[in-house]
Amino acid sequence: MADPVARHAELCEALRKHNHTYYVLDAPTVSDAEYDTLYRELLAIEKEHPELQTPESPSQRVGAPPREGFVKVERAVRMYSLDNAYDEAELREFDRRIKEMIGEGYSYVAEPKIDGASIEVRYEGGKLVQASTRGDGRVGEDVTANVRTIKAIPLRVAETQPLTLRGEIFIRPADLETVNELRASRGEAAFANPRNAAAGSLRLLDPKQTAERPLRVAFYDLVQERYDSHGAMLEALAALGLPTHREHGRCADIDAVLAYIARFDARRETLPYETDGVVIKLDEVRLRDSVGFTSRFPRWAIAYKYAAEQAATKLLSITCDVGRTGQLTPVANLEPVQLAGTTVSRASLHNLDLIAEKDVRVGDTVIIQKAGEIIPQVLSVDVAQRPPSAEPWPAPTVCPACDQPVVRAEGESALRCVNARCRGRLTAGLWYFTRRGGMDIDGLGKSLVEQLVDVGLVEDLADIFALPTQRDALLGLERMGEKSVDRLIVTIDEARAGRPFSRLLTALGIPLVGSVAARLIAEKYGNLRTLLDAPREPMVEELAAIHGIGEKIGKSVADFVGDPDQRAMLEKMLALGVKAEEPRREKVVGGVLEGLSFCVTGSFDRKRNEIHAEIEKHGGEVHKSVKKGTTYLLAGERVGKTKIEAAEKKGARVIDEDGYGRLLAGESLDEPES
Ligand code: IVH
């Protein structure tokens with residue numbers, strides 16, 4: 001018989017080669033049956049000679065047992081995200097800034113922006129040693145055991161220097177169908193899109209399950225700067241047998257980038273992965289340092305995102321959601337349709353006027369649109385396809401949740417349920433109360449809130465704090481086992497003892513009181529008891545005297561605490577031990593933002609509240625809207641033009657997060673940004 005050591009090495013080599021041709025090059029060189037024969041021979045040899053079974057053997061992809069959770073991985077070099085551009089003008093602006101910084105002699109690489117989950121994989125001494133998810137960029141989760149099961153990722157590479165690779169894990173849309181069929185046969189819910197499927201599969205606790213998922217990967221970055229250009233780096237990775245997208249184009253200038261985008265747009269649908277844009281990177285690595293980073297993005301790269309997508313589908317019915325203030329919001333229930341990678345079956349109709357204006361009728365074919373992360377909306381009606389029987393939609397006369405008559409306030413397009421005891425309003429109010437940014441009671445999802453209201457365990461917001469004494473009743477609810485009940489009780493107790501008064505005030509959903517106003521009010525009164533005991537008479541004036549709070553907000557708060565039902569509910573909270581104390585904050589003196597005021601608008605990677613807190617921490621002031629004296633309008637993504645123009649009219653300077661980062665760093669913004 002042949003030497004087992006030699007044969008073992010030969011088999012490992014052959015299997016690695018076949019994985020590479022199949023998963024990386026997409027050009028299989030053997031049939032599945034032949035592959036299986038080789039694989040079984042390898043297992044047989046390793047059974048006879050266990051010493052040959054190293055962690056890098058193709059047999060050792062699924063080795064680790066299921067885990068309890070993931071270990072955090074702190075990385076030395078942060079994973080940045082990308083700034084976005086939505087049109088040609090924004091790309092030219094990106095190029096203009098680069099030109100301004102480095103002059104001539106640079107070029108770009110354009111490549112697909114793959115819609116998946118980001119991953120970092122490290123090799124040391126040629127062996128795969130660690131893989132981690134993105135997390136918050138600095139700290140991710142260790143998913144090594146799961147990543148080892150992905151056959152496209154070699155366990156060994158012919159490079160002994162350390163390699164820290166970054167890329168995207170994805171599932172091919174065609175494979176998603178197979179995964180979903182399998183899930184359906186086990187009674188599990190289908191994944192809505194390949195991205196969710198990829199991210200979910202990466203974080204499964206049992207690597208055996210990850211191994212069943214057809215995950216793929218494309219690397220697009222090597223943290224160690226060993227190559228002069230991005231293009232050369234990508235080619236070197238591919239030469240090492242590592243999976244890359246193999247789609248990059250070198251572009252001499254921004255015009256060439258635009259041409260790449262146009263070409264790519266036409267090919268997008270034919271690629272085996274989903275893309276949501278094109279990433280443009282400065283090719284010359286040595287020039288990147290002089291261009292630098294903002295607090296979140298490299299300035300030398302940008303993602304060009306494709307425009308919002310539209311789809312046509314049939315409107316099956318119109319129903320109304322009841323909000324916590326009783327406002328009815330019409331929702332379009334649709335025949336499920338694929339839109340920008342997700343299955344959509346509901347879309348927003350905004351308000352009653354819009355339905356009338358667009359003459360939206362049940363049975364119509366409607367065009368829906370999705371922009372960014374926002375809920376899809378009904379854009380228009382394809383009247384040509386209207387069935388003859390379709391009638392104009394009759395606005396509801398009663399609340400869908402409590403059957404009480406609804407009213408339409410003068411001059412308002414919205415219908416409202418004014419029944420203070422409406423279950424629909426309570427459910428929405430509870431959801432608002434317990435969500436993140438409010439009382440932050442994790443584990444109280446929508447369906448649990450609905451159940452609590454339905455069985456009568458919760459009749460007002462305060463009742464949440466009585467739930468810990470109702471353990472048995474909670475155990476009787478759907479999908480509530482011992483573990484989840486105990487976890488829920490712990491978080492409720494934490495919320496009872498630990499949320500600042502300002503959080504409680506925000507969470508109550510008092511009309512006009514957002515987190516900034518809540519903070520100011522909480523700082524004035526210190527705690528709930530004091531607010532309740534404050535004489536009502538001068539309260540409006542007292543509140544309105546706080547800088548940043550007007551008459552209207554003052555009245556709204558005074559009305560709320562003066563309402564007998566709300567008072568009783570708040571007293572009940574106190575009786576149930578809700579602390580709600582506002583911690584004393586020292587006024588920051590000499591912070592870098594002292595004397596500056598900011599209005600923050602648009603969307604950011606982090607929560608706006610966090611930015612508010614950061615501004616205040618550094619001595620700055622937060623204005624809810626731009627007024628006379630507001631120094632800066634800090635604009636995130638998707639800010640309307642009118643906002644910007646209004647700010648400029650009032651003399652506030654518009655800055656982006658980059659400019660804000662510079663202020664925080666103590667720089668001054670001399671020349672106005674364009
Ligand atoms: S480069 C510093 N290249 O998009 C450079 N990212 O919106 C950072 N992504 O978190 C990323 N395809 O997960 C880069 N070809 C590509 C990409 C890509 C997909 C993802 C990545 C990143 C996100 C940013």
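Atoms within each ligand, like the ligands themselves, are counted from 1 in listed order.
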State whether the shortest distance between N or O atoms of [X] and N or O atoms of ligand 1 falls below 3.5 angstrom.
X	result
S118	yes
I114	yes
H245	no
E168	yes

Under a 4.0 Å heavy-atom limit, does [X] contact ligand 1 with its side chain, its backbone, both, or neither?
X	result
L82	both
K281	side chain
E111	side chain
M79	neither

Q) Looking only at heavy atoms of P298, does any of them come nearer than 4.0 Å to an atom of ligand 1? A) yes
Closer than 3.5 angstrom, by distance alone: can the side chain of [X] be matched with the main-chain N or O of [Y] as a donor-acceptor pair?
X	Y	answer
R134	G140	no
Q60	E56	no
H618	G620	no
R435	Y432	yes

**Q.** L271 to E247 - nearest heavy-atom pair and separation
**A.** CD2-OE2, 3.5 Å
Q) R67 and D142: which non-hydrogen atoms are nearest, and at how many Å? A)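 Of all heavy-atom pairs spanning R67 and D142, the closest is NH1-O, 4.2 Å.
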Q) Do the side-chain N and O atoms of S132 and R75 include a donor-acceptor pair separated by under 3.5 angstrom? A)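 Checked: S132/R75 side chains pair up, N/O donor to acceptor below 3.5 Å.
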Q. Can you list the ligand 1 atoms lying under 4.0 Å from a non-hydrogen atom of P112?
A.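 Reading through ligand 1 atom by atom, the close ones are 12 (N), 15 (N), 16 (C).
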Q) Which ligand 1 atoms are under 4.0 Å away from a heavy-atom of R134? A)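 Matching atoms, with element in brackets: 10 (O).
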Considering heavy atoms of the protein only, find what lies nearest to [atom] and give residue, atom and distance to 0.1 Å.
atom	value
atom 4 (O) of ligand 1	K113 NZ, 3.1 Å
atom 8 (C) of ligand 1	Y80 O, 3.6 Å
atom 22 (C) of ligand 1	Y220 OH, 4.1 Å

Q: State which residue, out of K281, R166, E168, E111, fulfils the side chain to side chain donor-acceptor pair (under 3.5 Å) condition with Y220.
A: E168
(Q) Could you check, using the six-membered ring where one of them is a Trp, whether Y80 and F297 have ring centers closer than 6.0 angstrom? (A) no
